[in-house]
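As structure tokens, the structure follows; a few thoughts come after it.
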Amino acid sequence: MYLAEDLNKMVRLNFLVEGETEETFVRDLLTPHFSQLEIYCTARRVETKRANGKIYRGGITNYEKVKKDLLRWMKEDTNAHFTSMFDLYALPSDFPKYNESLGIRDPYKKVQFLEQSFFEDIEYRRFTPYIQLHEFEALLFSDVNIIEQRLKPFQPRTKLEDLNKILFECHSPELIDDGIQTAPSKRLLVLYPAYQKRLYGSLISKEIGLATIQSKCPHFHWWITTLQGLK
């Protein structure tokens, strides 16, 4: 726990994330890392609805809910920095300048364009948008040996060759595309039907480690490096 006097010295960074796996990822991997830099992290899932006095969170159905939740949090915590962690895969079509982004073929330029559009729409200088190329599971491909070690017990034979083939064909974890059947999570499910994002996603990423993920994922590395420089 942090004492009140410690919190006053630290930068506070709030993560608005897509789901439970991302929330756990921030808690287990990013929070310990940033705490060493005196950056105090809090993560919460996007609010989806309120009913019968309850707040429901998790999943992105449309951009307006994201914007409403983010602006509300910004008003509640005016001294904090904010960032996001959403998948490019299945991003809502009402996202700022989404239709324009469809004409951008380079995945890195596309995601940067969408992040800039997000920033301009929110109009908050302490906001650093981040959209994951192409979804959370891409980060797991930073070390396919660990994927195999964790999920092999559920398989009749090794899938390591298949994993390496995917990496060879796509060149980078972040370039594993966003096709309905070929997105990172879809590929994992084909190879390992027992894979469950909520159960194994954060577990595998924690075993891989932040340094390895950064070394294999340039856009993710840019995000972490940018957040490290917050003051």
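Note that the structure is a prediction, hence the values are computed from the model and not measured.
Between C170 and L175, the shortest heavy-atom distance links the atoms O-CB, 3.3 Å. Considering all non-hydrogen atoms of both residues, E115 and P129 come closest at O-CG, 3.4 Å. Here the closest heavy-atom approach between residue E64 and residue D94 is recorded as N-OD2, 3.8 Å. Minimum interatomic distance between Y200 and A194 (heavy atoms only, all atoms of both residues): CE1-O, 3.6 Å. Summarising the geometry of I176 relative to T182, their closest heavy-atom pair is CG2-O, 3.8 Å, with the distance given to 0.1 Å. Nearest heavy atom pair, residue P173 against residue A138, reads CB-O, 3.2 Å.
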Might you work through the side-chain contact (heavy atoms from CB on, under 4.5 Å) test for I147 and Y192, ending with a clear yes or no?
CA-CA 10 Å; I147 294 177; Y192 304 97; 3.8 Å; yes

Kindly indicate, with the supporting measurements, whether the criterion ring pair (Phe, Tyr, Trp, His ring centres under 6.0 Å) is fulfilled by F25 and F136.
CA-CA 10 Å; F25 177 79; F136 175 83; 5.5 Å; yes

Report the C-alpha separation of D143 and T212 in whole Å, then their side-chain angles, then the decisive distance to 0.1 Å, and conclude whether the side chain to side chain donor-acceptor pair (under 3.5 Å) test is met.
CA-CA 8 Å; D143 191 331; T212 298; 5.6 Å; no

Could you walk me through whether E120 and Q116 pass side chain to side chain donor-acceptor pair (under 3.5 Å), step by step?
CA-CA 6 Å; E120 291 172 358; Q116 181 62 28; 3.0 Å; yes

Go through C217 and S172 one step at a time and tell me if the side-chain contact (heavy atoms from CB on, under 4.5 Å) criterion holds.
CA-CA 7 Å; C217 301; S172 164; 5.8 Å; no

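A continuous path of ILVMFWY side-chain contacts below 4.5 Å connects I213 to Y195, so both sit in one hydrophobic cluster.
The backbone N or O of P107 lies less than 3.5 Å from no partner atom in the side chain of H134, so there is not a single donor-acceptor pair. Checking side-chain atoms of T31 against main-chain N and O of D28 turns up no donor-acceptor pair under 3.5 Å. Not one N or O on the side chain of T42 forms a donor-acceptor pair closer than 3.5 Å with the backbone of N14. Side-chain atoms of E18 come within 3.5 Å of backbone N or O of D87 as a donor-acceptor pair.
By the 4.5 Å heavy-atom criterion applied to side chains, S205 and L140 are counted as neighbours. The side-chain heavy atoms of K152 and R157, taken from C-beta on, include no pair separated by under 4.5 Å. Looking only at side-chain heavy atoms (C-beta outward), I131 and W223 stay at 4.5 Å or farther from each other. With a 4.5 Å cut-off on side-chain heavy atoms, L227 and I39 do not count as touching. Side chains of V11 and Y40 form no contact here, defined as non-hydrogen atoms less than 4.5 Å apart. With a 4.5 Å cut-off on side-chain heavy atoms, L114 and F119 do not count as touching. Here the side chains of N79 and R126 are in contact, with some heavy-atom distance below 4.5 Å. Side-chain contact check for T24 versus L29: every heavy-atom pair is 4.5 Å or farther apart.
Atom CD of Q181 sits in a sparse spot, with 12 or fewer heavy atoms from other residues, nucleotides or ligands closer than 6.0 Å.
By the salt bridge (charged side-chain N to carboxylate O under 4.0 Å, His left out) test, R198 is found to be paired with E20, residues two or more places apart in sequence or in another chain being considered. Here H219 pairs with Y130, W222 under the ring pair (Phe, Tyr, Trp, His ring centres under 6.0 Å) rule; sequence neighbours left out. For the side chain to side chain donor-acceptor pair (under 3.5 Å) test, no residue two or more places apart in sequence or in another chain qualifies with Q149. Scanning for ring pair (Phe, Tyr, Trp, His ring centres under 6.0 Å) contacts around Y89 gives an empty result, with sequence neighbours left out. With sequence neighbours excluded, the residues satisfying side chain to side chain donor-acceptor pair (under 3.5 Å) with E174 are Y108. For E22, the salt bridge (charged side-chain N to carboxylate O under 4.0 Å, His left out) partners two or more places apart in sequence, or in a different chain, are K197. With sequence neighbours left out, the ring pair (Phe, Tyr, Trp, His ring centres under 6.0 Å) criterion links F141 to no other residue. Legend: residues meeting side chain to side chain donor-acceptor pair (under 3.5 Å) with Y98, ordered by chain and number and at least two apart, are absent. For K67, the salt bridge (charged side-chain N to carboxylate O under 4.0 Å, His left out) partners are D121, not counting sequence neighbours. For D69, the salt bridge (charged side-chain N to carboxylate O under 4.0 Å, His left out) test picks out R44, R57, R72, with sequence neighbours left out.
Distance check: L151 CG to L203 CG gives 9.0 Å after rounding to the nearest 0.5 Å. Note that the CG atom of L102 and the NZ atom of K110 stand 5.5 Å from one another [nearest 0.5 Å]. Taking CG of D77 as the reference point, atom NE2 of H81 lies at 10.5 Å (rounded to 0.5 Å). One distance of note links CZ of F95 with OG of S101; it measures 9.0 Å at 0.5 Å rounding. Atoms CD1 and CE, on I122 and M74 in that order, are 5.5 Å from each other to the nearest 0.5 Å. Between the CD1 atom of I208 and the CG atom of L210 there is a distance of 11.0 Å, given to the nearest 0.5 Å.
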Output a table of donor-acceptor pairs, distance under 3.5 Å, between side-chain atoms of residues 158-167 and any protein atom two or more places apart or on a different chain; print 'none' if there are none.
from : atom 1 : to   : atom 2 : distance (Å)
T158 : OG1    : E148 : OE2    : 2.7
T158 : OG1    : L160 : N      : 3.1
N164 : ND2    : L160 : O      : 3.3

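Under the 4.0 Å criterion applied to side-chain N and carboxylate O atoms, E137 and R187 are not assigned as salt-bridge partners.
For residues 201-210, every residue pair satisfying the salt bridge (charged side-chain N to carboxylate O under 4.0 Å, His left out) rule, not counting sequence neighbours, is listed here: R150-E207.
Residue F82 is tested with W73, F15, F127, F118 for a ring-ring contact (aromatic ring centres under 6.0 Å, His included); the sole match is W73.
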